[in-house]
Amino acid sequence: MPQVVVNMEEKRRVKRRSIPDEDDDSESEEERLRDQRDREELERHLKDRDAAATRKLGEAKSTRREEEFYVVFPYISVSGFASAVALLGVQKVFFLVEVGSFDVYDKAVGGGSGASLPSIVLKVSRQEYLKKREEKIVNQLRDEIEDEQYLFDGVKLTEAEYRELRYKKEIYELVKKRSEDADDIDEYRMPEAYDQDGGVNQEKRFSVAMQRYRDSGAGDKMNPFAEQEAWEEHQIGKATLKYGSKDRKQKSDDFQFVFEDQIDFIKASVMDGVNFEDEVPSESLDKSMEKSAFEKLQEDRKTLPIYAYRDELLQAVDNHQVLVIVGETGSGKTTQIPQYLHEAGYTKRGKIGCTQPRRVAAMSVAARVSQEMGVKLGHEVGYSIRFEDCTSEKTLLKYMTDGMLLREFLGEPDLAGYSVVMVDEAHERTLSTDILFGLVKASASFAMEMGRTTIWAREGQIRGGKLDIARFRPDLKLLISSATLDAEKFSDYFDSAPIFKIPGRRFPVEVHYTKAPEADYLDAAIVTALQIHVTQQPGDGDILIFFTGQEEIETAEEILKHRTRGLGTKIPELIICPIYANLPTELQAKIFEPTPEGARKVVLATNIAETSLTIDGIKYVIDPGFCKMKSYNPRTGMESLLVTPISKASANQRAGRSGRTGPGKCFRLYTAYNYYSDLDDNTVPEIQRTNLANVVLTLKSLGIHDLLNFDFMDPPPAEALLKALELLFALGALNKLGELTKVGRRMAEFPLDPMLSKMIVASEKYECSDEIISIAAMLSVGSSIFYRPKDKQVHADTARMNFHTGNVGDHIALLKIYSSWKETNYSTQWCYENYIQVRSMKRSRDIRDQLEGLLERVEIELMSNSNDLEPIKKAITAGFFPHSARMQKNGSYRTVKHPQTVYIHPTSGLAQVLPRWVIYHELVLTTKEYMRQVTELKPEWLVEIAPHYYQMKDVEDPGSKKMPRGAGRASQD
DNA sequence: GAGCACTGC
């Protein structure tokens, strides 16, 4: 029976593991010793093949030819074990693994007896194993190759065909010779029971074995050899031919691809499937056909795993103010919980809000729930995302993006309209959820200090991390839903809030690791994909490979095309689908097209496929273990994108992508040891690696003064906070006491970086708000405006330079782009002609519209002054004066305030012009320290606009400035 | 002569 696991018991268990010194030493000591033993075993294993650890390509590859390797037998019986030992010439039992758990090494057991063993990993001799495989090659190749002999004589071959054939022949000779030498084939015979003629007819033997395997099905645990056979078959298939194939040429290609360059995987664990067998009961299917769609939806609701927990859940919500809900994918938590709460009457006291990290999620979930409730979207059920508020007075269930709720917080700090707030997907730890948590907790602990009475706090009264404008809301329920890993952490953060667990529904996923680290993961990924493609039935599932970015995806695409080119029908068709966020939308659609019969799709994706979009039909996931991650250096104010190893949470998320429509497999291009010891448990939360200027402004405008003591779940580096405070002070958003000024209050209204907000606020003075909001909108869509296809780079670049005539600077160029587009009545054709991405332009139009609305709110008149660029540049300077740089003699630049050497980004219109003084939008660290989006300015503007920040000595002639201190040049020189 | 993972307001 389902049960509420509210749970001190559960908590204690986990505590014990993480804090070993606590009360029960004996057990943790034992655990520690066991861990150590496992570790030692593992390290020994690693030492055995230490050459593998090299980063060099050649060496790493050579390790694939090691003399010993490991075979995994899951669910094996004792007799099965004995047969396996005999069959494979086992040299050593390496260790035992419990299947069905990630904690392979954690839970490895020492003994080998017992009636039902868990999985066994055996160390076998490669040579022995090869012999066995080769015997099969001989049988299958012989006839075909002999058939082809005549080709050498009569027919003129192409070079490729000739080599192919020769290669095949060589292998044949080699194999034949070896099996003749080793006249001990019988030693490797399949066990008698599998061998109807007791003997020599190898082909029959294999087909019998294969038949048994097919009959028994992959998941059949009654047949101890089923999985083993499947595994072997897979191994054999990888190295040789597709079993039963009639296409000769295909086989030779297999050799070309896989035999030479094969990657060995160890199946290490299985992510258990949960409840995947209890789909809609079949007998109810017929009945439901007759019912209305609405009734059917109601029935579907009852088949969700969460349905069984409905009453307990409502009880738990009733009893606790904060509840952490652990619901795995497919449990139905996002759609059902708000409905349950509504049915239980919570909506009588106020709305139920449910936050999502992504816009599409908020929209689609709302649409689904409105269907289930039989109401029109936007009435009782609605959603609210930026640019689109689909709610009304009637709305009771409101799905929204987390950033949207944060914005609402600004206008309504007690969330008066809500009776329940549910933060979904909290484990993703977006910037907004982290801030929301801090805010809610501050208000909750404030409530606890003040007791049960409802209290209005007077503004400014309470300091030290507590809200001063929030009203205590003892009736507000907070639900936090998260994936398994983080639940304890959330619970601890919210003063041991109870945890409610709901099982999910997904299919099991086999996880395979490489035996040795792969030095070139791009190549390894491609080889693995081809291995899968060639050896597995087409049509059984598509492949998803994770890469770090566009460039990698493009090269992978080329290599794949190159390797499959000219093979025509020799291998099943392979459809290559690249996907990344910057890919034009019409090309993105390709991945959602169903795979044609007899073909296989291979999707080359960035992280976008990890959470943001789901592709049906994926059965194989290849995970090289890297992604690009933004990091921010608060000291230099420099951002950079670094290729970083992913976290365990990420790796599991990726693996799970293969088990959405059926059992899946995940091939990790790193070793199990890497996984357990090198990968972090969780990705560093965004709040710890980003520029906090906007966060600080938001919190300040909510009346939170003491940011250094604000209770963040994972506090950001103090340096980043101080840097943000310093910047806000310089911009005039905060006064010397760190309090929000009038300027700051206006700035906080804009959903932009504070420097952009300041630029807009300052545009009032320079009477050019119309132009400035266009620039701000263009700047905030970022760098995806220009479209630069590989084959038309020159055209794209000349098109771009057209906007730079007169060396007006990048900001003005962006303005020109926007206004030209507007003049063509927002023409798509115009965008194509100028190599500009329509999507980005539409987005900047949306942002601009929003900003225009907000101008009214902060009472800034929309004024245009397009003929004179100087006021526009001055307004930009008013926002970006801390980002000034001066040219040095060698053409590099030096930032004025916190001196460091930087360069103009080559894509800038001013890259060749090199003005004496520039102002830049952002610093990025790529191959060099670059300033992106640069505009020329007059140095005296700095002193005029920001006298508190610059003095004359900062901006005078470089000649005097560059001299060392006290070198005798007075500043008046 | 570089190179922009992904969200969100």
Side-chain angles (χ1 to χ4, degrees), chain A residues 355-362 384-389 400-411 425 428-436 546-555 579-583 605-613 626-631 639-644 646 650 653 683 685-687 689-690 694-695 697-698 701 748-754 756-757 776-777 780-788 790 793-794 796-797 800 837 840 843 846-847 850-851 853-854 903-908 911-912 922 924-933:
Chain A
T355 72
Q356 295 291 319
R358 274 167 295 278
R359 297 161 51 93
V360 263
S384 174
I385 56 179
R386 191 183 187 184
F387 312 129
E388 219 180 316
D389 185 2
M400 62 220 291
T401 44
D402 46 13
M404 206 65 200
L405 183 65
L406 193 58
R407 281 276 138 192
E408 284 190 11
F409 224 107
L410 286 174
E425 314 284 352
E428 288 196 27
R429 305 290 308 276
T430 66
L431 198 53
S432 310
T433 33
D434 269 18
I435 300 166
L436 278 173
F546 284 98
F547 287 115
T548 61
Q550 178 178 351
E551 194 182 355
E552 245 175 56
I553 289 175
E554 278 167 0
T555 34
I579 175 94
Y580 43 88
N582 267 347
L583 193 73
T606 58
N607 246 4
I608 194 170
E610 194 176 300
T611 48
S612 305
L613 53 86
F626 290 97
C627 70
K628 271 189 193 168
M629 195 150 55
K630 196 164 87 175
S631 65
E639 285 183 339
S640 50
L641 268 177
L642 295 172
V643 174
T644 335
I646 57 171
S650 242
Q653 175 76 21
T683 312
E686 192 182 0
I687 199 162
R689 50 185 170 87
T690 192
N694 203 13
V695 173
L697 183 61
T698 308
S701 69
E749 290 290 327
F750 293 95
L752 298 170
D753 270 351
L756 286 169
S757 311
S780 58
V781 295
S783 39
S784 53
I785 289 169
F786 299 99
Y787 174 57
R788 202 163 175 272
K790 252 187 178 163
Q793 289 183 354
V794 185
D797 290 348
R800 176 195 287 219
Q837 300 219 43
S840 307
R843 198 175 142 69
D846 286 340
I847 297 175
Q850 190 190 24
L851 295 179
L854 289 169
Y903 303 84
I904 295 187
H905 198 278
T907 55
S908 163
Q912 313 300 323
E922 60 183 352
V924 290
L925 176 66
T926 51
T927 50
K928 267 183 186 174
E929 295 83 355
Y930 284 114
M931 299 179 281
R932 239 174 1 204
Q933 314 292 20

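Everything quoted here is computed from the prediction, not taken from an experiment. Throughout, a chain's letter reflects where its sequence line sits, starting with A, and its residues are numbered from 1.
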Could you check how far [atom1] of [X] sits from [atom2] of [N], rounded to whole Å?
| X | N | atom1 | atom2 | result |
| --- | --- | --- | --- | --- |
| A:I385 | B:dC9 | CD1 | C1' | 12 Å |
| A:L431 | B:dT7 | CG | P | 16 Å |
| A:I579 | B:dC6 | CD1 | C1' | 12 Å |
| A:K928 | B:dG1 | NZ | P | 9 Å |
| A:Y930 | B:dC4 | OH | P | 11 Å |
| A:M400 | B:dT7 | CE | P | 20 Å |
| A:Y903 | B:dA2 | OH | C1' | 15 Å |
| A:E686 | B:dT7 | CD | C1' | 7 Å |

Hey, does [X] reach any base, or is it just sugar-phosphate, or nothing, if we go heavy atoms under 4.0 Å?
| X | result |
| --- | --- |
| A:Q850 | nothing |
| A:R932 | base |
| A:T430 | nothing |
| A:L406 | nothing |
| A:L641 | base |
| A:N582 | base |
| A:T927 | sugar-phosphate |
| A:D797 | base |
| A:M629 | nothing |
| A:F750 | nothing |
| A:S612 | sugar-phosphate |

Taking the side chain from [X] and the backbone from [Y], do they hold a donor-acceptor pair closer than 3.5 Å?
| X | Y | result |
| --- | --- | --- |
| A:R800 | A:T907 | yes |
| A:S612 | A:A609 | no |
| A:S780 | A:A777 | yes |
| A:S640 | A:L642 | no |

Given [N], is OP1 or OP2 found less than 4.0 Å from the side-chain N or O atoms of [X]?
| X | N | result |
| --- | --- | --- |
| A:R386 | B:dT7 | no |
| A:T548 | B:dA5 | no |
| A:T401 | B:dC9 | yes |

- A:P906 has its side chain closest, among B:dC4, B:dC6, B:dA2, to B:dA2

- Query: To the side chain of A:N694, which of B:dC4, B:dA2, B:dC9 is closest?
  - Reply: B:dC9

- Does A:E554 have any salt bridge (Lys or Arg N to Asp or Glu O under 4.0 Å) partners at least two apart in sequence or in another chain, and if so, which? A:K790

- Task: Could you tell me which residues satisfy salt bridge (Lys or Arg N to Asp or Glu O under 4.0 Å) with A:R932, sequence neighbours excluded, listed by chain and number?
- Result: A:E922

- 5' precedence on DNA chain B between A:N607 and A:I847 (nearest-nucleotide basis): A:N607

- Item | Residue whose closest nucleotide on DNA chain B lies nearer the 5' end, A:R843 versus A:R800 | A:R800

